Amino acid sequence: MKDMMTVVSNRPIAHRIYELVLSGSLVQHMHIPGQFVHVKVGATPLLRRPLSLCDINQKANECTIIYRVEGAGTTLLSQKARGETVDVLGPLGNGFSVTAAKRGERALLVGGGIGVPPLFELAKQLSQNGVFVTTVLGFQTKHVAFYDEKFASFGEMYVATVDGSYGMKGFVTDVIRANDLSFDVLYACGPKPMLRALANDFPHQQVYLSLEERMGCGIGACFACVCRVPHSETAYKKVCSDGPVFRAGEVLL
Amino acid sequence: MKDMMTVVSNRPIAHRIYELVLSGSLVQHMHIPGQFVHVKVGATPLLRRPLSLCDINQKANECTIIYRVEGAGTTLLSQKARGETVDVLGPLGNGFSVTAAKRGERALLVGGGIGVPPLFELAKQLSQNGVFVTTVLGFQTKHVAFYDEKFASFGEMYVATVDGSYGMKGFVTDVIRANDLSFDVLYACGPKPMLRALANDFPHQQVYLSLEERMGCGIGACFACVCRVPHSETAYKKVCSDGPVFRAGEVLL
Amino acid sequence: MNRLAVELPGLSLKNPIMPASGCFGFGREYAAYYDLSVLGAIMIKATTLEARFGNPTPRVAETPSGMLNAIGLQNPGVDRVIAEELPWLAQYDVPIIANVAGSTMEEYVEVAKRISKAPNVHALELNISCPNVKKGGIAFGTVPEVAAELTRAVKEVSDVPVYVKLSPNVTNIVHMAKAIEQAGADGLTMINTLLGMRIDVKTTKPILANRTGGLSGPAIKPIAIRMIYEVSQAVSIPIIGMGGIETAEDVIEFFYAGARAVAIGTANFIDPYVCPNIIRDLPALLDELGVDHISECTGRSWNNGSTVHCGA
Amino acid sequence: MNRLAVELPGLSLKNPIMPASGCFGFGREYAAYYDLSVLGAIMIKATTLEARFGNPTPRVAETPSGMLNAIGLQNPGVDRVIAEELPWLAQYDVPIIANVAGSTMEEYVEVAKRISKAPNVHALELNISCPNVKKGGIAFGTVPEVAAELTRAVKEVSDVPVYVKLSPNVTNIVHMAKAIEQAGADGLTMINTLLGMRIDVKTTKPILANRTGGLSGPAIKPIAIRMIYEVSQAVSIPIIGMGGIETAEDVIEFFYAGARAVAIGTANFIDPYVCPNIIRDLPALLDELGVDHISECTGRSWNNGSTVHCGA
Ligand SMILES: Cc1cc2nc3c(=O)[nH]c(=O)nc-3n(C[C@H](O)[C@H](O)[C@H](O)COP(=O)(O)OP(=O)(O)OC[C@H]3O[C@@H](n4cnc5c(N)ncnc54)[C@H](O)[C@@H]3O)c2cc1C
Ligand SMILES: Cc1cc2nc3c(=O)[nH]c(=O)nc-3n(C[C@H](O)[C@H](O)[C@H](O)COP(=O)(O)OP(=O)(O)OC[C@H]3O[C@@H](n4cnc5c(N)ncnc54)[C@H](O)[C@@H]3O)c2cc1C
Ligand SMILES: Cc1cc2nc3c(=O)[nH]c(=O)nc-3n(C[C@H](O)[C@H](O)[C@H](O)COP(=O)(O)O)c2cc1C
Ligand SMILES: Cc1cc2nc3c(=O)[nH]c(=O)nc-3n(C[C@H](O)[C@H](O)[C@H](O)COP(=O)(O)O)c2cc1C
Ligand code: FES
Ligand code: FES
């Protein structure tokens with residue numbers, strides 16, 4: 001599905017991190033945390049930009065996206081004012097399996113940097129289902145941290161920063177070890193080294209990982225975003241349509 | 001000179017014709033009717049667009065441009081709202097010789113279609129100098145006509161439309177003939193066939209013609225906009241920097 | 001009268017709009033967006049003899065008004081395409097043009113032989129931009145004799161007309177086209193991508209894992225138009241044009257240059273509805289231009305003089 | 001230490017930024033905007049033996065992220081350039097690279113001989129994209145032997161180092177570059193424009209009076225980067241890179257690909273201050289990248305493996 005959505009608000013919430021609220025009927029099709037939208041920001045740049053759904057509000061017909069200003073596309077996006085429109089294709093991809101964690105079970109949500117946003121809608125839905133949510137957020141430094149308080153409202157919340165300016169100094173895996181965090185299901189989104197470390201640390205548990213890859217179409221047609229599958233020379237999965245969320249072990253990281 | 005100018009207003013005044021008022025310190029350098037500005041409308045399209053100065057208001061620090069929505073550049077320009085900025089290079093080129101017409105003399109101003117705008121500032125300055133201004137405006141049809149009343153405030157004003165829907169049916173040259181309009185200096189801007197007809201009809205009088213040509217740089221460096229000069233194989237004038245206004249006979253039309 | 005219907009060797013098209021090879025997979029993904037039967041034809045993804053995984057990622061990089069890709073011929077191999085993809089596509093009323101690729105002439109021939117027998121494959125498109133592993137990796141499509149030899153060999157085994165897809169990375173596209181025409185090609189498709197590269201200023205590394213890739217999108221449109229203009233006046237076989245088409249106006253520009261049908265690649269990624277939208281927009285545009293039938297547009301800007309340009 | 005200073009044959013540049021030939025006239029117009037002495041060098045407009053008027057207008061057309069030009073070598077002829085333009089430029093502390101063009105080898109040689117004696121001309125740039133009227137109009141720059149012969153002939157008469165400007169409209173840019181290096185060129189400049197065309201949908205006519213023209217601007221940047229990347233690893237003479245540069249980041253991308261200096265063409269039309277702005281921005285960018293001297297950037301992304309791409 002493709003539609004023009006209207007900017008409700010678009011504001012910085014941390015250094016170079018923006019929170020964008022969009023409104024439009026497309027929201028009625030958005031249900032699954034970890035899905036993403038493919039956004040055409042303007043006449044230029046040419047390609048769409050994949051951005052995860054961070055919060056879905058069906059009642060208000062609004063969804064929230066959090067993005068970091070990186071290059072041409074996100075810079076332009078950051079200049080969009082209330083009332084302007086953006087061209088949105090989505091929701092796309094296979095998101096997190098919310099039902100993998102049952103009522104009364106413990107879910108550990110691990111987000112690194114700009115991988116944090118999709119975990120928010122996930123935390124919301126898990127909480128609603130009576131799952132106990134613990135969150136570990138990793139950032140480079142304090143002034144790029146965001147949504148920590150929002151996650152704290154769902155349960156325990158830990159922060160790690162690389163420079164120690166906020167929370168524990170180190171990586172999310174250090175936090176998990178130091179606090180001996182255990183879980184029934186682990187959900188993670190963030191840089192590949194983080195995902196690899198988590199998959200290695202918990203080889204026998206249910207682990208869901210959300211991947212990133214440069215995309216062309218975003219819908220499975222161009223084969224830009226493939227990743228390899230274990231034990232095969234030619235088998236593959238597409239991050240855009242088979243993912244972005246995979247079970248650990250399902251694809252090679 | 002190059003500067004960001006701010007949109008004061010931008011509104012349709014006839015079918016696909018917009019009146020854009022810009023404000024900025026660049027206005028202090030704008031003096032001569034027939035000069036143009038070279039406008040970069042946004043990140044795309046790549047090239048600047050040449051647009052004539054239509055009205056210069058030094059006191060208010062504002063200038064007016066009238067443009068017809070043609071292609072990508074002018075379409076984008078038409079979407080600019082109050083408060084937005086456009087990147088303006090200018091004023092450029094050599095405009096109309098206002099002093100060619102002396103106090104008490106008669107100037108005939110002939111504009112065709114989107115060639116009308118630069119005549120407005122010219123009419124204003126001539127009037128201020130005590131020159132009697134007669135205007136002949138030619139349009140395709142009634143609903144693309146504009147600024148007719150404004151010109152009428154300076155003196156006699158005639159309109160010709162190709163389909164006869166407004167004013168006399170025919171061309172500006174028909175109006176001039178029918179009304180036996182005479183003048184000391186003729187100033188014209190419009191499509192080449194119109195300019196050619198005027199140059200032919202008044203070979204022995206002072207005639208100033210403003211030309212159009214596709215431009216690269218707009219400042220004389222790229223040689224995109226040259227026109228030939230009589231009696232030479234290699235001599236040339238550049239529309240952007242030697243013109244856009246030339247004496248009839250100075251260049252080959 | 002269908003103002004958009006076009007007849008080409010092997011192809012009775014209800015309209016001249018088709019997705020370009022590699023930009024539409026085997027159609028499954030776009031079928032979720034619209035009924036594929038509205039399309040004039042579908043050029044399916046390049047098929048090789050064996051399944052291939054293709055290149056490591058990143059496989060795409062953005063450029064001003066364009067993109068680079070280095071997918072690397074990922075495909076399930078000809079037999080699975082015949083067994084799984086083509087039968088699935090057969091539910092739609094749309095002719096298939098099968099894009100054939102390989103690393104050796106033998107591979108092309110074998111793929112062509114097999115895939116040309118599939119009932120809904122109405123034509124082949126030879127992707128000769130591939131490097132010839134037996135000739136030091138020089139692309140088949142850059143040496144006229146090699147391209148001609150390949151064309152002849154494929155023609156011999158193909159049950160359907162053969163279109164050859166020209167690479168723009170050549171000094172003289174007209175020489176290539178003529179050699180291929182003389183070798184018996186039924187038509188040409190052009191242009192494939194231009195070789196390009198981007199480097200990440202932060203990492204100092206090329207953005208594509210493969211380093212170089214193929215440039216497509218609006219950026220290459222003027223090059224495609226120029227080449228089609230030149231080739232269409234030098235050969236008498238039909239041309240399916242492509243390279244940066246986004247709108248119905250672009251389609252007409254390609255027809256004026258000499259194309260008889262067009263394919264749309266990169267634009268599908270930007271708007272999955274681009275093909276049906278163009279098909280929808282064309283009749284009104286023909287009205288505006290005062291043209292009864294789109295075929296009348298082919299070659300309207302032809303001119304017999306030759307052009308000369310000096311980069312200055 | 002001047003972090004931007006670069007040494008090239010014949011050229012001691014205070015910085016590696018220079019306007020590209022044909023995009024800066026003979027400097028007069030831009031001198032109204034800034035002091036030309038800030039520039040590393042100036043590549044002046046192509047000069048032929050006799051004065052030329054060039055092509056009819058329209059001479060430019062816009063394309064997605066690019067433009068086509070068909071100026072047609074308009075210039076006042078070498079003697080007037082020497083008598084009027086070069087002495088005027090001598091008031092600035094900036095070395096001049098004279099762009100030499102012609103329709104025959106003899107013309108190139110004669111222009112080179114004369115203009116290389118001008119005191120502020122520190123190097124020549126041979127514009128070999130011009131059609132050779134004695135060889136059926138085939139451009140000098142598309143046949144390695146012809147380009148090499150021309151290079152040798154010009155080297156023989158030139159008082160200053162000779163850079164040869166490569167045309168990108170060739171199948172194998174590395175072959176061209178090597179042939180020209182072997183013929184004794186002191187350096188290469190690349191790339192010239194790609195041949196392109198646009199057609200006006202309303203009129204059915206090509207927009208350029210000359211029909212085809214040269215494509216420049218950001219659209220061609222990925223092609224320039226790819227070619228410089230390939231050539232710089234195959235030859236040992238220095239390369240001045242160009243093609244779509246707009247920002248300091250673009251400059252670094254060209255250096256990483258293998259350029260030792262760069263020229264800026266089309267971007268001057270969009271922002272007359274682009275060259276001084278880039279010169280201003282470079283030091284901060286070098287800081288960000290942790291680079292002391294810009295020369296260290298040359299070839300940072302080189303990799304010995306050869307690349308292969310299949311348009312798919
Ligand atoms: C499934 C998915 C979900 C994502 N969700 C978010 C999110 O919620 N918030 C957020 O800030 N970022 C997210 N990203 C990353 C985001 O897509 C990029 O930061 C963004 O595309 C950069 O665009 P740009 O124009 O600013 O940068 P540029 O560097 O100018 O982009 C150039 C090209 O590279 C691509 N690109 C650059 N970085 C990335 C990247 N990390 N991943 C994929 N493509 C990239 C762009 O899409 C574009 O095609 C997500 C990526 C994926 C694949
Ligand atoms: C000195 C001068 C003064 C002008 N003054 C005015 C004015 O006051 N009001 C007005 O409406 N128009 C004026 N024009 C014409 C105006 O520049 C074009 O209509 C405009 O550039 C079209 O841009 P576009 O992107 O809408 O059209 P497109 O067709 O998309 O433009 C594509 C390219 O062609 C060029 N182009 C297209 N038409 C023309 C044209 N007629 N003249 C020059 N270049 C053209 C554009 O600049 C651009 O580079 C003037 C032109 C010149 C040369
Ligand atoms: C991601 C991608 C994959 C492609 N794969 C193929 C392919 O498999 N076979 C082929 O002949 N061309 C392939 N092409 C080239 C296109 O079919 C087309 O010729 C080219 O992209 C120009 O058209 P466009 O500018 O509309 O994309 C591919 C292009 C892209 C962008
Ligand atoms: C209007 C124009 C005129 C040009 N004239 C010349 C020329 O006289 N000689 C030459 O070697 N190159 C000429 N070029 C090519 C440029 O020098 C440069 O190689 C090319 O435009 C690519 O750089 P760019 O993308 O930065 O413009 C010209 C380019 C343009 C746009
Ligand atoms: S982005 Fe095209 S297949 Fe995933
Ligand atoms: S537009 Fe460049 S010289 Fe006139």
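Model, not experiment: these values are computed from the prediction. Throughout, protein chains are lettered first and strands after them, A, B, ... in sequence-line order, and every chain is numbered starting at 1.
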Which portion of [X] sits near chain B, non-hydrogen atoms under 4.5 angstrom:
X	answer
Pro218(D)	side chain
Glu50(D)	neither
Tyr273(D)	side chain
Phe24(D)	backbone

Please report the interatomic distance [atom1]([X]) to [atom2]([Y]), rounded to the nearest 0.5 Å.
X	Y	atom1	atom2	answer
Asn69(D)	Cys222(B)	CG	SG	8.0 Å
Glu233(B)	Phe53(D)	CD	CZ	9.5 Å
Leu47(B)	Ile270(D)	CG	CD1	5.5 Å
Arg59(D)	Phe223(B)	CZ	CZ	8.5 Å

For [X], is it the side chain, the backbone, both or neither that has a heavy atom under 4.5 Å from a heavy atom of chain D?
X	answer
Leu89(B)	side chain
Ala235(B)	backbone
Glu213(B)	side chain

Less than 4.0 Å between a side-chain N and a carboxylate O, is that true for Glu29(D) and Lys238(B)?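 Yes, this pair counts.
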Between Asp87(B), Thr234(B), Leu46(B), Thr44(B), which has the largest tally of heavy atom pairs under 4.5 Å with chain D?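 Sorted descending by pairs with chain D, the first entry is Leu46(B).
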Nearest atoms (heavy-atom pairs only) where Ala221(B) meets Cys23(D):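 Heavy-atom minimum between the residues: CB-O, 4.5 Å.
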